[in-house]
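A short write-up of the structure that comes next.
The chains referred to below are lettered A, B, ... by the order of the sequence lines, with proteins before strands, and numbering in each begins at 1. All heavy atoms count here, side chains included; hydrogens, waters and symmetry mates do not.
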Amino acid sequence: MSDNRPLRWFLYGYLALVFTFIFAPILFSVIFSFNSDRFPTIPLGSFTLKWYQTVWNDPDVWEAARTSLTVSLSTATIATLLGFATAYTDYRYSFRLKPVYLGLVLLPPTIPLIIMALAMLAWFAKLGISGQVMSIIIAHSVLTAPFAMAIIRLRLSQMDPSLESAAWNLGASQWSALRRVIVPFCLPAIISSFCLTAAVSFDEFAISWFVSGLNKTIPVIILEIVTGNIDPQVNAIGSFVFLVSMTLVIIAQVVLMTRRKKEV
Amino acid sequence: MVAPLVEFRSVVKRFDDFVAVERVNFTIEAGEFVAIMGPSGCGKTTTLRMLAGLEAPSEGEVLMEGRVMNDVPAHERDTPLVWQSLALFPFLNARENVEFGLQMRGVAAAERRRRALEWLDRMEIAEFAERDIASLSGGQKQRVALARSLVIEPRILLLDEPLSALDANLVIRMQSVLTKLQRELGITFVYVTHSQSEAFAMADRVVIMSRGHIAQIGSPKDIYRAPANRFVAEFVGRNNIITGTVGKATAKTVTIDGSLGSFTVDLGQHEKPRQGDTARFVVAADLAQISTAKPRRGNAIACSLISEEFIGSVVTLFLEAEDGSELKVQLQERELSKMDLKQAATIYLSWAADQAHYIGAD
């Protein structure tokens with residue numbers, strides 16, 4: 001095994017580089033959000049909270065935050081419901097066109113975002129529902145439902161196939177078996193997919209930018225600020241968005257990975 | 001006359017092109033311990049699932065107490081099943097698992113709890129009532145599964161190879177738990193298994209299935225001593241099946257001529273066969289005798305010893321006849337020690353005429 005040591009160090013180094021490339025920009029964004037200088041340069045100026053104060057006092061940012069929160073929570077609810085329904089259909093029934101069904105269900109994330117955004121905009125305009133908060137919610141639900149489906153489907157695949165039949169056998173109707181057995185069994189995956197779809201929706205820019213109209217979400221308002229001028233308050237908003245998303249993703253991971261400990 | 005508890009009337013079950021169960025007819029009386037036994041894929045589990053309403057018969061009728069059950073959904077039947085995988089709900093503790101069936105029947109919380117604890121106590125696992133399923137041992141889970149099925153006070157309990165995941169010692173213990181339980185409760189047990197030892201140890205009556213058909217129904221002793229056909233004789237094992245053509249036949253006995261010699265066999269309940277037909281008979285390994293000198297009377301086959309197999313105090317000898325066919329004989333180890341087989345060039349396998357069992361052509 002000792003022969004592998006150079007290889008191991010190389011792999012560790014590679015891993016460190018990957019993480020550096022992913023997280024260094026975010027880390028610097030967080031650092032600069034506390035920096036008094038207007039331009040992001042080194043050496044740093046003094047520590048300050050003024051960018052956070054600016055953001056805190058900006059009604060546009062508050063409005064965007066409210067919109068983002070509404071959108072991401074509604075999206076997460078709808079996407080998780082849709083994801084559960086499609087995953088359960090896949091688990092429970094076998095039919096001839098199932099590969100087609102699964103292909104269609106899992107398709108949205110493979111479409112380039114910009115194409116999807118344009119298509120959504122055109123479609124909503126035709127239906128006369130573009131430029132509303134609801135339009136962002138619908139578009140985000142389409143985008144994120146496949147993630148929810150994939151997570152819940154994985155959980156269902158770990159279930160003893162006799163479990164649902166056992167519930168029927170003990171007197172549960174189809175509905176109560178679904179409610180009392182399938183949903184509790186999938187609960188970790190349901191919570192996890194709720195958090196992940198909320199995080200994806202909260203961060204999503206392209207679709208939001210196209211279909212949001214006057215209802216800007218946080219990523220949209222960030223772009224508006226940076227296209228105007230170089231303003232460190234973007235770093236402050238960015239740090240906040242990162243914190244929210246990471247929290248959701250970490251919750252999702254923790255819920256999925258820890259086995260439920262029985263409360264005594 | 002009271003209708004039997006369970007009746008299968010020419011029941012057929014097809015899955016697409018595959019026929020899992022083909023024209024099965026049988027009845028189960030209240031209070032019986034019935035085992036349905038057969039190799040995997042013989043249709044035994046499908047039969048059980050039709051009884052529980054988890055599969056619908058393609059043809060024929062399943063009746064319970066005279067009522068046709070074909071269209072009664074699973075959750076409206078009182079036919080709890082103990083699953084091969086146990087299928088305990090992993091997100092509920094032991095007590096909540098046992099309460100599930102009562103909850104579905106609308107029993108109030110306090111009453112539910114009382115009855116669940118009563119059953120857990122009866123199964124001697126009351127101390128684990130609040131434990132997570134994952135933290136229980138195999139035997140404890142088994143008991144939770146039994147309690148969960150029995151707490152709803154059914155008239156029939158279905159068991160689908162419930163002991164297959166347990167180690168040998170635990171299997172023996174659970175067998176006595178099950179037989180005792182069945183006797184005390186006086187309800188019907190229908191027990192599906194591929195294990196002959198489990199079926200014979202517990203059941204009053206055994207249904208042997210093969211490729212969707214019923215090969216034989218009878219008491220363990222009937223099946224062991226009087227296999228109805230070649231499949232049963234082979235499946236039960238430790239049988240010597242000898243094939244030949246029918247020679248002289250009377251109403252009571254028949255002479256069968258084969259490559260091993262010519263033997264006279266009692267016909268038993270069978271019709272007199274036609275001369276020249278193929279016919280078989282069975283000599284159970286534990287009814288056959290061996291000797292180093294050729295017996296003066298009766299049926300005997302000259303063999304040579306191939307190998308011995310010891311299981312406790314019982315020895316199985318594998319012999320080869322002159323035509324190459326393999327024969328078996330089972331005897332007590334202390335009987336064997338009296339004989340000096342190593343020195344003998346030829347060993348004679350013999351049996352009394354009434355100990356051979358005629359099984360006809362199939």
Evaluate whether atom [atom1] of [X] has more than 12 neighbouring non-hydrogen atoms of other residues, nucleotides or ligands under 6.0 angstrom away.
X	atom1	value
A:Phe23	CZ	yes
A:Phe95	CZ	yes
A:Arg92	CZ	yes

Looking at B:Arg105 and A:Leu170, would you say the former's side chain and the latter's main chain have a donor-acceptor pair under 3.5 Å?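 Side chain of B:Arg105 to backbone of A:Leu170: a pair is present.
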Looking at CZ of B:Arg148 and CG of A:Asn169, how far apart are the two atoms once the value is rounded to the nearest 0.5 Å?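 Taking CZ in B:Arg148 and CG in A:Asn169, the distance rounds to 8.0 Å.
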How long is the gap from CG on A:Asp160 to CH2 on B:Trp83, to the nearest 0.5 Å?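 Here the rounded value is 8.5 Å.
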Need one label for A:Ala177: side chain, backbone, both or neither, based on atoms under 4.5 Å from any heavy atom in chain B.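 Neither; nothing under 4.5 Å.
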What part of A:Ser176 gets within 4.5 angstrom of chain B, counting heavy atoms only: side chain, backbone, both, or neither?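 Only the side chain of A:Ser176 comes within 4.5 Å of chain B.
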Output, in order, the C-alpha distance, side-chain angles, deciding distance and verdict of side-chain contact (heavy atoms from CB on, under 4.5 Å) for A:Gln174 and B:His75. CA-CA 8 Å; A:Gln174 306 242 348; B:His75 70 274; 5.7 Å; no
Which atoms of [X] approach chain A - backbone, side chain, both or neither, heavy atom under 4.5 Å:
X	value
B:Leu54	side chain
B:Gln84	neither
B:Leu102	neither

If I compare all heavy atoms of A:Arg180 with all of B:Phe91, which pair ends up nearest, and what's the gap?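 Heavy atoms only, the tightest pair is O-CE1, 3.3 Å.
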State, to 0.1 Å, how close B:Met104 and A:Gly171 come at their nearest heavy-atom pair, and which atoms those are.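 So the minimum-distance heavy-atom pair works out to CB-O, 3.6 Å.
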Would you say the side chain of B:Pro90 lies within less than 4.5 Å of the side chain of A:Leu163, judging by non-hydrogen atoms?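 They are in contact (side-chain heavy atoms under 4.5 Å apart), so the answer is yes.
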Might you work through the side-chain contact (heavy atoms from CB on, under 4.5 Å) test for B:Phe89 and A:Val181, ending with a clear yes or no? CA-CA 7 Å; B:Phe89 304 124; A:Val181 174; 3.6 Å; yes
Which of the residues B:Ala52, B:Ser149, B:Ala74, B:Ala87 is involved in the greatest number of heavy-atom pairs with chain A at under 4.5 angstrom?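 Top option by heavy-atom pairs under 4.5 Å: B:Ala87.
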